[in-house]
Amino acid sequence: MPKITRARVIVTCPGRNFVTLKIECDDGTTGVGDATLNGRELAVASYLSEHVIPCLIGRDAHRIEDVWQYLYKGAYWRRGPVTMTAIAAVDMALWDIKGKLAGLPVYQLLGGASREGVMVYGHANGATIDDTIAAAKDYQAQGYKAIRLQCGVPGMASTYGVSKDRYFYEPADADLPTENVWSTSKYLRVVPELFRTAREALGWDVHLLHDIHHRLTPIEAGRLGRDLEPYRPFWLEDATPAENQEAFRLIRQHTTAPLAVGEVFSSIWDAKDLIQNQLIDYIRATVVHAGGITHLRRIAALADLYQVRTGCHGATDLSPVAMAAALHFDLSVPNFGIQEYMRHTDETDAVFPHAYSFADGMMHPGDAPGLGVDIDEDRAARHEYSRAFLPVNRLEDGTLWSW
Ligand code: GCO
Ligand code: MG
């Protein structure tokens with residue numbers, strides 16, 4: 001058996017913070033897992049170092065399911081983003097090790113490819129509708145089959161999804177949380193206009209997506225869904241906060257716009273009612289924040305029974321390790337829908353050499369044994385952790401709102 005002899009947490013900041021777990025076995029095989037929880041990085045790092053790594057030493061690295069159950073049930077305190085991200089990191093690293101020992105890419109261990117490649121969506125954003133359309137045209141020219149559209153809101157200084165840089169959007173931008181101001185009524189006026197203009201400029205052969213980022217009430221989301229229906233959105237994401245899963249029933253009663261939710265979910269229990277009541281169309285739970293490949297497969301299997309498809313979160317705060325794991329999962333899972341792909345900077349890619357690739361709107365995890373991704377520890381050591389928070393959001397009268 002490959003015995004776990006050592007595990008380390010590596011924190012690095014090649015332009016943004018990433019936490020990586022590296023597990024080593026007695027035969028020299030190593031595996032990596034992403035443990036990045038944006039804005040709360042060191043909580044997971046410490047959870048792993050203090051409470052997980054000591055329990056891994058001496059275990060059989062092949063026993064992925066047993067280790068998963070041990071860390072989940074054995075913690076007594078179940079679920080939550082910190083715990084589930086830590087478990088995910090261990091799980092990813094163990095799949096990586098299993099793949100390397102088998103001499104196979106992880107997707108082969110998951111049942112093999114169910115498709116030729118993984119359709120991804122890119123992020124087009126801009127301060128104005130015209131800027132966003134120009135960015136979207138760029139993505140179209142690069143072969144993207146699906147594009148997310150976000151634009152600035154007239155009368156508001158900033159909003160979610162709009163960055164200074166055309167390609168890279170990093171919301172975790174300050175040593176203490178930046179404060180944004182939000183107006184639902186102003187926002188609801190601009191988005192239908194964005195989609196109308198986009199269809200005119202981009203045509204109907206491209207999938208168009210939008211992220212509401214938890215800011216509407218259910219009835220407001222129903223209204224927006226109706227307004228966007230003529231432009232056939234691929235999905236509306238995070239229309240309303242999902243702590244109360246029932247909330248989505250009200251949205252459903254008013255619109256046929258497909259709904260996606262779940263990037264902040266940490267387990268199947270966050271999604272169970274939404275899936276079983278067919279209140280969503282796409283589940284966005286990810287490998288890194290929802291307990292690893294092992295747990296995400298369970299969520300996807302439940303979703304498959306209800307014709308809910310996967311649409312994994314893939315923002316830049318998910319490291320290339322999580323991206324690689326997501327692509328192995330996406331390629332194999334029967335009810336795959338789409339994968340988010342926000343490109344990492346060259347600086348980040350240099351720290352995490354990887355085998356996955358993009359061509360013509362599709363991605364492939366590559367055929368290197370394991371996950372096909374590693375961390376260059378010398379380079380990683382050159383980028384010191386730097387605290388960065390996600391913004392908070394307030395209504396115009398100062399009331400704290402969802403960001
Ligand atoms: C998305 C997300 C991100 C999140 C970010 C938080 O759909 O890509 O909403 O942009 O805001 O991942 O850490
Ligand atoms: Mg989102």
Side-chain angles (χ1 to χ4, degrees), residues 13 15-19 34-44 81-82 84-85 88 120-125 132 135 139 144 146-151 158-165 167-174 177-178 180 182 187 191 207-216 221 224 233-242 248 258-266 270-271 280-290 310-323 326 337-345 348 387-393 401-403:
C13 185
R16 68 160 353 282
N17 293 315
F18 292 111
V19 180
D34 182 19
T36 309
L37 183 62
N38 207 6
R40 295 292 185 273
E41 292 86 358
L42 299 188
V44 186
V82 174
M84 296 306 280
T85 301
V120 295
Y121 69 91
H123 284 208
N125 69 82
T132 301
Y139 278 97
Y144 280 82
I147 305 168
R148 190 186 88 160
L149 304 175
Q150 310 288 140
C151 76
S158 64
T159 188
Y160 165 77
V162 180
S163 66
K164 291 168 212 105
D165 187 288
Y167 289 117
F168 302 106
Y169 176 56
E170 278 312 344
D173 59 359
T178 306
N180 292 350
W182 176 251
Y187 165 79
V191 188
H207 297 301
L208 300 179
L209 294 74
H210 182 69
D211 190 350
I212 298 169
H213 223 259
H214 326 268
R215 287 158 191 222
L216 299 180
L224 181 61
F234 183 90
W235 77 28
L236 296 186
E237 177 188 340
D238 289 337
T240 199
F248 280 72
L259 301 175
V261 73
E263 68 181 37
V264 301
F265 290 179
S266 27
D270 295 323
I280 55 170
D281 302 280
Y282 295 93
I283 178 70
R284 281 187 43 77
T286 59
V287 173
V288 55
H289 298 134
T310 65
C312 291
H313 186 202
T316 34
D317 48 292
L318 284 70
S319 91
V321 177
M323 192 66 206
I338 198 167
Q339 168 70 49
E340 180 178 17
Y341 177 47
M342 240 173 123
R343 287 166 296 192
H344 289 107
T345 58
T348 295
R387 190 175 69 193
F389 278 96
L390 287 167
V392 298
N393 208 17
W401 200 244
S402 304
W403 176 74

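These numbers come from a predicted model, not from an experiment. Ligands are counted one by one from 1 in listed order, and the atoms in each one are counted from 1 as well.
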(message) For ligand 1 and Asp211, I'd like to know whether there is a polar contact (N/O to N/O, distance under 3.5 Å).
(response) yes
What N/O/S atom of [X] gets nearest to the Mg ion (ligand 2)?
X	answer
Asp211	OD2
Glu263	OE1
Glu237	OE2

I need the atoms of ligand 1 closer than 4.0 Å to a non-hydrogen atom of [X], numbered in the order shown.
X	result
Arg148	1 (C), 7 (O), 8 (O)
Asn38	6 (C), 13 (O)
Arg284	1 (C), 7 (O)
His313	1 (C), 2 (C), 3 (C), 8 (O), 12 (O)
His213	4 (C), 9 (O), 11 (O)
Ala315	3 (C), 8 (O), 12 (O)

(request) For a side chain to side chain donor-acceptor pair (under 3.5 Å) with Glu237, tell me which candidate from Arg284, His213, His210, His214 qualifies. (result) Arg284
(message) Here's a test for you: under side chain to side chain donor-acceptor pair (under 3.5 Å), which of Glu340, Gln150, Arg343 qualifies with His123?
(response)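 Result for side chain to side chain donor-acceptor pair (under 3.5 Å) with His123: Glu340.
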For [atom], grab the closest protein heavy atom and report residue, atom and distance to one decimal in Å.
atom	value
atom 8 (O) of ligand 1	Glu340 OE2, 2.4 Å
atom 12 (O) of ligand 1	Asp317 OD1, 2.7 Å
atom 4 (C) of ligand 1	Glu263 OE2, 3.5 Å

Is there side-chain contact between [X] and [Y], with heavy atoms separated by less than 4.5 Å?
X	Y	result
Thr240	Phe248	yes
Asp211	Asp238	yes
Val264	His289	no

(message) Strictly distance-based, threshold 3.5 Å: is any side-chain N or O of Thr310 a donor or acceptor partner for the main-chain N or O of Cys312?
(response) no
(request) Say whether, by atom type as modelled, one donor and one acceptor occur between the side chain of Asn180 and the main chain of Asn393 under 3.5 angstrom. (result)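 Judged by distance alone, no pair lies under 3.5 Å.
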(request) Tell me whether the centres of the aromatic rings in Tyr121 and Trp235 are closer together than 6.0 Å. (result)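 Centroid distance Tyr121-Trp235: below 6.0 Å, so yes.
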(request) Answer yes or no: are there more than 12 heavy-atom neighbours, outside Trp403 itself, under 6.0 Å from its atom CH2? (result)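 Counting neighbours around CH2 of Trp403, more than 12 heavy atoms of other residues, nucleotides or ligands fall under 6.0 Å, so yes.
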(message) Please state which option from Tyr160, Tyr169, Trp403 has its nearest heavy atom closest to atom 3 (C) of ligand 1.
(response) Tyr160
